[in-house]
Engineer: 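Next up is a structure, given as structure tokens.
Sequence lines set the chain letters: A, B, ... in the order given, protein chains first and strands last, and positions in each chain run from 1. Source: prediction; values computed, not measured.
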2 protein chains.
Amino acid sequence: MKSLDRINQEALILFAEKGYYGTSLSMIANAVGIRKSSIYAHYNSKDELFIAVVQFVAGLYKAKLEQFFAVLKEVDHPVEHQLYHVLRWYMQLWVDKKNATKFWRRIGLFPPEHLENEIKRISAETVAQSFHKELADIFRKGVENGELRNVPSEKLVALFQILIDGILTAILLNDYQETTELIQDGWHHFWSGIKAADIRQTNTGEIKNV
Amino acid sequence: MKSLDRINQEALILFAEKGYYGTSLSMIANAVGIRKSSIYAHYNSKDELFIAVVQFVAGLYKAKLEQFFAVLKEVDHPVEHQLYHVLRWYMQLWVDKKNATKFWRRIGLFPPEHLENEIKRISAETVAQSFHKELADIFRKGVENGELRNVPSEKLVALFQILIDGILTAILLNDYQETTELIQDGWHHFWSGIKAADIRQTNTGEIKNV
DNA sequence: CCTACCGATCGGTAGG
DNA sequence: CCTACCGATCGGTAGG
């Protein structure tokens with residue numbers, strides 16, 4: 001693996017675990033096995049390295065997101081199944097990319113303030129907007145075909161985001177390894193609240209895997 | 001105001017905004033208007049000051065929590081109203097004590113690792129356990145009197161916590177000033193999912209204030 | 001990618 | 001609560 005990639009990788013781990021101010025360039029260099037000053041062969045400042053890591057994670061999420069929704073759209077599942085799979089996919093991302101997720105959540109909630117605007121811009125342009133758009137499309141379809149109650153899709157996206165953030169917070173706070181039950185229960189009750197009234201409540205929560 | 005109180009107050013603001021490593025003792029001293037070394041008349045180390053702030057916020061939350069639930073138990077509201085008021089009270093705490101809430105969330109999700117165990121111990125002993133207990137009592141009552149579906153109260157507490165954390169994350173991420181709509185929508189859908197089946201869905205979301 | 005450095009700031013101490 | 005100071009480490013540079 002190239003030295004630049006190793007710097008980015010170790011920087012991601014350390015920034016995720018200790019934050020921007022809790023991570024020094026010496027710590028990153030030590031983790032890579034080089035001298036601190038060698039980092040400056042690749043980046044002109046700590047801020048530049050940090051933003052590069054932000055871009056790296058944003059690009060990773062963008063790729064995963066596009067791939068997932070492309071596959072999801074190929075088959076014509078009911079909205080109920082589509083949303084459940086979005087939830088499962090999102091949480092699987094946490095399991096697969098813990099460092100990236102922890103980093104992303106940290107800089108989203110508590111960014112170093114002199115980089116806040118740039119972080120929010122990158123997040124919006126690379127990930128947040130398209131994720132929001134894909135979700136809104138699914139919800140709109142669900143309202144149109146009668147699967148969902150007639151609620152504005154913007155509102156449904158906001159509610160779904162609350163569910164996602166709530167579950168992710170629980171995972172981060174309690175350091176869960178096993179998230180399946182949490183996701184299933186959370187989904188079950190969320191779906192009970194948004195589905196059209198003519199679907200029986202006793203019929204929810206029995207979703208099979210793809 | 002005493003100098004010690006001013007140190008605690010400015011430390012809380014700075015730790016909340018910049019975190020443990022992003023806040024230096026000089027910054028705190030500057031904010032108070034004293035010299036850095038004067039802080040050592042009150043605390044023996046940065047860690048000691050930080051933990052004192054943790055204790056202060058924990059004590060604040062404990063007092064608010066005990067007061068709120070004492071009042072809540074005086075009147076015999078339906079579980080639906082009780083839970084909605086818990087949600088409203090919790091979010092009002094955010095509005096009233098933004099610094100404390102931001103600090104509390106930061107140290108809960110991303111504590112400085114050498115203080116992680118102590119922070120979690122203080123949080124559990126002072127706030128988290130009793131909040132959990134009060135919620136479980138309400139849910140248990142709701143299941144017993146038939147207002148709620150027959151779901152273990154532990155599970156209902158976890159779901160309610162997801163709702164709270166999801167809403168709080170939305171507020172922190174988007175810097176909302178107006179949280180009323182988010183809370184009402186979130187509550188509406190949460191309640192639709194947990195209420196007993198014989199209550200009509202169209203009857204929810206019309207909760208009055210106390 | 002290295003050695004050798006820089007001024008600034010860090011948490012913390014001595015002594016009053 | 002102050003002045004004066006400590007060694008260690010910070011982000012960053014010069015020069016190879």
Side-chain angles (χ1 to χ4, degrees), chain A residues 1-56 103 106-107 110-119, chain B residues 1-57 103 106-107 110-119 122:
Chain A
M1 190 184 260
K2 278 183 195 168
S3 197
L4 176 58
D5 295 330
R6 297 214 50 219
I7 291 172
N8 291 342
Q9 179 188 312
E10 299 296 341
L12 171 59
I13 295 170
L14 284 162
F15 283 138
E17 213 57 48
K18 300 164 188 297
Y20 176 87
Y21 293 109
T23 302
S24 71
L25 295 176
S26 328
M27 292 167 63
I28 296 169
N30 271 340
V32 175
I34 57 176
R35 299 288 171 182
K36 178 187 66 173
S37 56
S38 305
I39 293 176
Y40 287 88
H42 304 280
Y43 297 107
N44 292 314
S45 68
K46 183 182 183 180
D47 285 358
E48 206 178 294
L49 166 56
F50 187 83
I51 291 295
V53 176
V54 175
Q55 299 269 19
F56 171 79
F103 176 78
R106 194 194 266 268
I107 66 170
F110 308 107
E113 57 186 358
H114 65 291
L115 299 176
E116 179 170 0
N117 288 338
E118 193 162 2
I119 290 170
Chain B
M1 188 185 261
K2 276 185 196 166
S3 198
L4 176 59
D5 294 330
R6 297 213 51 219
I7 291 172
N8 290 343
Q9 178 187 312
E10 299 297 339
L12 170 59
I13 295 170
L14 283 161
F15 283 139
E17 213 57 47
K18 301 163 187 298
Y20 176 87
Y21 292 110
T23 302
S24 71
L25 294 177
S26 327
M27 293 166 63
I28 296 168
N30 271 339
V32 175
I34 57 176
R35 299 288 170 181
K36 178 187 66 174
S37 56
S38 305
I39 292 176
Y40 287 87
H42 303 280
Y43 295 108
N44 292 315
S45 69
K46 183 182 183 179
D47 286 357
E48 205 178 295
L49 166 56
F50 187 83
I51 291 295
V53 175
V54 175
Q55 299 269 19
F56 170 78
V57 176
F103 175 78
R106 194 194 266 268
I107 66 170
F110 307 108
E113 57 187 356
H114 65 291
L115 300 176
E116 179 170 0
N117 288 338
E118 194 161 2
I119 291 169
I122 294 169

Engineer: Starting from P on D:dC2, measure out to OH on B:Y40 and report it in whole angstrom.
Structural biologist: 15 Å
Engineer: Are any non-hydrogen side-chain atoms of B:I51 and B:I122 less than 4.5 angstrom apart?
Structural biologist: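 SC-SC contact between B:I51 and B:I122 confirmed.
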Engineer: Tell me which pairs pass salt bridge (Lys or Arg N to Asp or Glu O under 4.0 Å) where either residue lies in residues 14-27 of chain B, with sequence neighbours left out.
Structural biologist: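 Checked against salt bridge (Lys or Arg N to Asp or Glu O under 4.0 Å) - neighbours excluded - the pairs reaching residues 14-27 of chain B are A:E113-B:K18, B:E17-B:K102.
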Engineer: When you measure from every atom of DNA chain C, which of residues 18-30 of chain B have a heavy atom less than 4.0 Å away?
Structural biologist: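 Residues of residues 18-30 of chain B that come under 4.0 Å of DNA chain C are, in numerical order, B:T23, B:S24, B:L25, B:S26.
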Engineer: Give me the stems containing DNA chain C, sorted by first residue, counting only three or more consecutive Watson-Crick or G-U pairs with both distances under 3.5 Å; say none if there aren't any.
Structural biologist: C:1-16 with D:1-16
Engineer: NZ of A:K36 versus P of C:dC1: gap in Å, rounded?
Structural biologist: 16 Å
Engineer: Could you give all pairs that pass the salt bridge (Lys or Arg N to Asp or Glu O under 4.0 Å) test and reach residues 2-15 of chain B, with sequence neighbours left out?
Structural biologist: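 Every pair satisfying salt bridge (Lys or Arg N to Asp or Glu O under 4.0 Å) with a residue in residues 2-15 of chain B: B:R6-B:E10.
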Engineer: Does A:Y43 reach the side chain of A:L4, with side-chain heavy atoms less than 4.5 Å apart?
Structural biologist: yes
Engineer: To the nearest angstrom, how far is A:I7 atom CD1 from D:dG11 atom P?
Structural biologist: 14 Å
Engineer: In chain order, what residues pass the side chain to side chain donor-acceptor pair (under 3.5 Å) check against A:Y40, with sequence neighbours excluded?
Structural biologist: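 Side chain to side chain donor-acceptor pair (under 3.5 Å) check on A:Y40 returns nothing, list empty.
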Engineer: Can you give me every donor-acceptor pair (side chain of residues 24-31 of chain B, partner residue at least two apart or in another chain, under 3.5 Å) with its distance?
Structural biologist:
residue	atom	partner	partner atom	Å
B:S24	OG	B:M27	N	3.2

Engineer: Taking A:S38 for the side chain and A:I34 for the main chain, is one N or O donor matched with an acceptor at less than 3.5 Å?
Structural biologist: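 Side chain of A:S38 to backbone of A:I34, a donor-acceptor pair under 3.5 Å: no, none is there.
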Engineer: Could you go through nucleotides 14-16 of chain D and list every protein N or O atom that sits under 3.5 Å from one of its N or O atoms, giving the distance for each pair?
Structural biologist:
none

Engineer: Excluding sequence neighbours, so at least two apart, what forms ring pair (Phe, Tyr, Trp, His ring centres under 6.0 Å) with B:F50?
Structural biologist: B:F15, B:Y20, B:F103
Engineer: Scan residues 22-46 of chain B for pairs that pass salt bridge (Lys or Arg N to Asp or Glu O under 4.0 Å), counting only residues two or more places apart or in two chains.
Structural biologist: none
Engineer: I'd like to check the side chain to side chain donor-acceptor pair (under 3.5 Å) partners of A:N44; sequence neighbours left out, ordered by chain and number.
Structural biologist: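 Testing A:N44 for side chain to side chain donor-acceptor pair (under 3.5 Å), a comparison that skips the adjacent residues, returns A:E48.
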Engineer: Report the distance from atom OH of B:Y43 to atom P of C:dG11, rounded to the nearest whole Å.
Structural biologist: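 Rounded to the whole Å, the gap is 16 Å.
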Engineer: Calculate the interatomic distance between A:I39 atom CD1 and D:dC10 atom C1'; express it in whole Å.
Structural biologist: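 Atom-to-atom, A:I39 to D:dC10, this comes out as 13 Å.
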Engineer: Can you check whether B:N8 reaches B:L49 side chain to side chain, under 4.5 Å on heavy atoms?
Structural biologist: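 They are in contact (side-chain heavy atoms under 4.5 Å apart), so the answer is yes.
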Engineer: For A:K46 and D:dT9, give me the distance from atom NZ to atom P, rounded to whole Å.
Structural biologist: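 One finds 15 Å between P of D:dT9 and NZ of A:K46, rounded.
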Engineer: Rounded to the nearest angstrom, tell me the gap between atom CZ in A:R35 and atom P in C:dC5.
Structural biologist: 14 Å
Engineer: Whole-Å distance between D:dG11 C1' and A:F15 CZ?
Structural biologist: 12 Å
